[in-house]
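For the single chain, residues carry numbers from 1 onward in sequence order.
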Amino acid sequence: MTNIAFGIFLLLANGLVQYSWFVDPNNGVAIDFKSKRSYVITTILLSLFTIYLLVTGISSTFY
């Protein structure tokens, strides 16, 4: 159950990162990215960790 909560929190954090890149890139709410490479790496790592937490949280509720 904890993994699901952390996964949902990271899903919201990922949304905040996407918002700061697409909607307001100059004065981003979450992160002021210096390059496109740092944005891509941050998005990939955050998304993978979020998916891992959600999948393990959902699978642990059924088994």
Report task. For T56 and N3, test the side chains for any donor-to-acceptor distance below 3.5 angstrom and give the result as yes or no. Result -> yes
Any chain of hydrophobic side-chain contacts (each under 4.5 Å) joining [X] to [Y]?
{"X": "I8", "Y": "F62", "value": "yes"}
{"X": "V40", "Y": "L10", "value": "yes"}
{"X": "V17", "Y": "F22", "value": "yes"}
{"X": "F6", "Y": "F49", "value": "yes"}
{"X": "L11", "Y": "L46", "value": "no"}

**Report entry** From Y39 atom OH to I44 atom CD1, the distance as rounded to the nearest 0.5 Å
**Finding:** 9.5 Å
**Report entry** Value rounded to 0.5 Å, distance of CZ in R37 from OG1 in T42
**Finding:** 10.5 Å
**Report entry** S60 side chain vs G57 backbone, donor-acceptor pair below 3.5 Å
**Finding:** yes
